[in-house]
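Have a look at the structure below, then the notes.
Atoms within each ligand, like the ligands themselves, are counted from 1 in listed order. All residue numbers in this chain count up from 1 along the given sequence. If you're wondering where the values come from, they're calculated on a predicted model, not measured in any experiment.
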Amino acid sequence: MKNLEKIDTIMRKFISELGYEEVNFMFNDISLGKKLRSKLILNIAGCFEESLRLCAVVELIHVASLLHDDVIDDSNLRRGKPSINAIFGVKNAIMLGDILYSKGFFELSKFDSKIAKIISNSVAFLSIGELMDVNLSKNFNLNLDNYFNMIYNKTAILIEACAKSAAILAGYDYEKFGIYGKNLGLAFQIIDDVLDIISDEKTLGKPSMSDFRDGKTTIAYIYLYQYLDEKDKKKLISLFRKNLNLDEIFWLKSKFDEFKIIQKCINEAKKLAKDGIESISQYKNDKLIEIMQSMVDRDF
Ligand code: GRG
């Protein structure tokens, strides 16, 4: 059995231990994700019983956060398939999320207390990150620090916690791996936010530029605002939260091009990637370099 399949088997075992068939049934309808966090753990700590069990715990918590996120965003699609709230309704999606993360925390309590503290603390801030995201979406956000703080909590903090915990399992300097994990998470979210602008609807599985329509002033919009003259600044703000027509999309894209905004965002992600790789250079782990680079170079 492949390592990632072993993680799915452990997750299923955890869920079936709860002994309620309805939960197994709904859990089976959750489609599989990329398992970025697990790949990170296994490539730092190596693959053995305890590291695989940690992966299963983290994936349960991650999936629970996605179930709740889909409810908050009223989203009917997840991983290219109908979301759990779309199939079983909002109430079931919330309760299944509660069950998954609670079981995840129960299993986490069996680990070294340092690992249990790092992961559980990161999940509190993951939830705060979601709240920050919702709050920031109410207005046009011009503050880059607020954006970075939000994506650190919402996306990077759990990835950072995975890298630190795996380093503890392996007996490595966990602070160094924490920097790598944090930067991987930040770069991952920056690229995700850029792809919302440059990818087409087919690749994204949702309309292009939907972040801005949903109130998310991501890094490219914050940078663009800084370059525009007063008239265009007003125009950009007037498009916020609007269903854009083709002319407006064309205007936005031409402004992004004119000021090379997308390249600036990608450079920001590349700088984070470089610093992250440097922080663990003494460990000479080519696979971690590859994970970081493929995160920045991806086009989906
Ligand atoms: C119930 C634990 C719990 C938390 C509730 C809703 C919420 C608080 C947090 C949501 C946080 C969230 C959705 C952050 C986005 C993180 C992110 C980048 C998700 C996508 O990760 P991928 O691409 O997903 O690794 P796959 O599908 O590959 O697993």
Discussion item. Counting only heavy atoms, tell me which of K154, H62, K39, E59 gets closest to atom 15 (C) of ligand 1.
Written reply: K154
Practice prompt. Write out the residue and atom name of the closest protein heavy atom to atom 18 (C) of ligand 1, then the distance separating them to 0.1 Å.
Written response: F188 CE2, 3.3 Å
Item to complete: May I ask you to list the atoms of ligand 1 that are less than 4.0 angstrom from any heavy atom of T155?
Response: 16 (C), 18 (C)
Practice prompt. Mind checking whether D192 contacts ligand 1 via backbone (N, CA, C, O), side chain (CB onward), both or neither, at a 4.0 Å heavy-atom cut-off?
Written response: neither
Discussion item. Closer than 4.0 Å to some heavy atom of Y101 - which atoms of ligand 1 meet that?
Written reply: 1 (C)
Worksheet item: Who gets closest to atom 10 (C) of ligand 1 by heavy atom: E130, R78, K35?
Response: E130
Worksheet item: So with a 6.0 Å cut-off around CZ of F48, is the heavy-atom count from everything else above 12?
Response: yes
Discussion item. Can you tell whether the side chains of D196 and K216 come within less than 4.0 Å, N to carboxylate O?
Written reply: no
Practice prompt. Would you indicate whether K91, at its atom NZ, is surrounded by more than 12 heavy atoms from other residues, nucleotides or ligands within a distance under 6.0 Å?
Written response: no
Worksheet item: Does a sphere of radius 6.0 Å around CG in N245 hold more than 12 heavy atoms from other residues, nucleotides or ligands, not counting ones at 6.0 Å or beyond?
Response: yes
Worksheet item: Which atoms from ligand 1 have a heavy atom of Q189 less than 4.0 Å away?
Response: 18 (C)
Practice prompt. Distance to 0.1 Å, residue and atom name: give those for the protein heavy atom nearest to atom 13 (C) of ligand 1.
Written response: D69 CG, 3.4 Å
Discussion item. For atom 2 (C) of ligand 1, what is the closest protein heavy atom, and at what distance to 0.1 Å?
Written reply: V123 CG1, 3.7 Å
Worksheet item: Does some side-chain heavy atom of Y223 sit less than 4.5 Å from a side-chain heavy atom of L144?
Response: yes
Discussion item. Side-chain heavy atoms under 4.5 Å apart, restricted to Ile/Leu/Val/Met/Phe/Trp/Tyr: what other residues fall into the cluster of M292, or is it alone?
Written reply: L36, L40, I44, I159, Y172, F177, Y180, L184, F188, I277, I280, Y283, L288, I289, I291, M295
Item to complete: Around atom 6 (C) of ligand 1, find the nearest protein heavy atom and jot down its residue, atom name and distance.
Response: S65 O, 3.5 Å
Worksheet item: For atom 19 (C) of ligand 1, what is the nearest protein heavy atom, given as residue, atom name and distance?
Response: L66 CD2, 3.8 Å
Discussion item. Assigning hydrophobic clusters by single linkage (Ile, Leu, Val, Met, Phe, Trp, Tyr; side-chain heavy-atom cutoff under 4.5 Å), is L96 placed with V71?
Written reply: no
Can you give the donor-acceptor pairs under 3.5 Å from side chains of residues 257-266 to other protein atoms, not counting sequence neighbours?
residue, atom, partner, partner atom, Å
E258, OE1, K255, NZ, 3.2
Q263, NE2, N267, OD1, 3.2
K264, NZ, F259, O, 2.8

Worksheet item: Applying a 4.0 Å heavy-atom criterion (strictly less than), which segment of I72 is in contact with ligand 1: side chain, backbone, both, or neither?
Response: side chain
Worksheet item: Have Y152 and E160 got a donor and an acceptor in their side chains that come within less than 3.5 Å?
Response: yes
Fill in: Nearest protein heavy atom with distance in Å, relative to atom 5 (C) of ligand 1
S127 OG, 3.9 Å
Discussion item. Out of R37, H68, R79, K34, who is nearest to atom 21 (O) of ligand 1 when you count heavy atoms only?
Written reply: R37
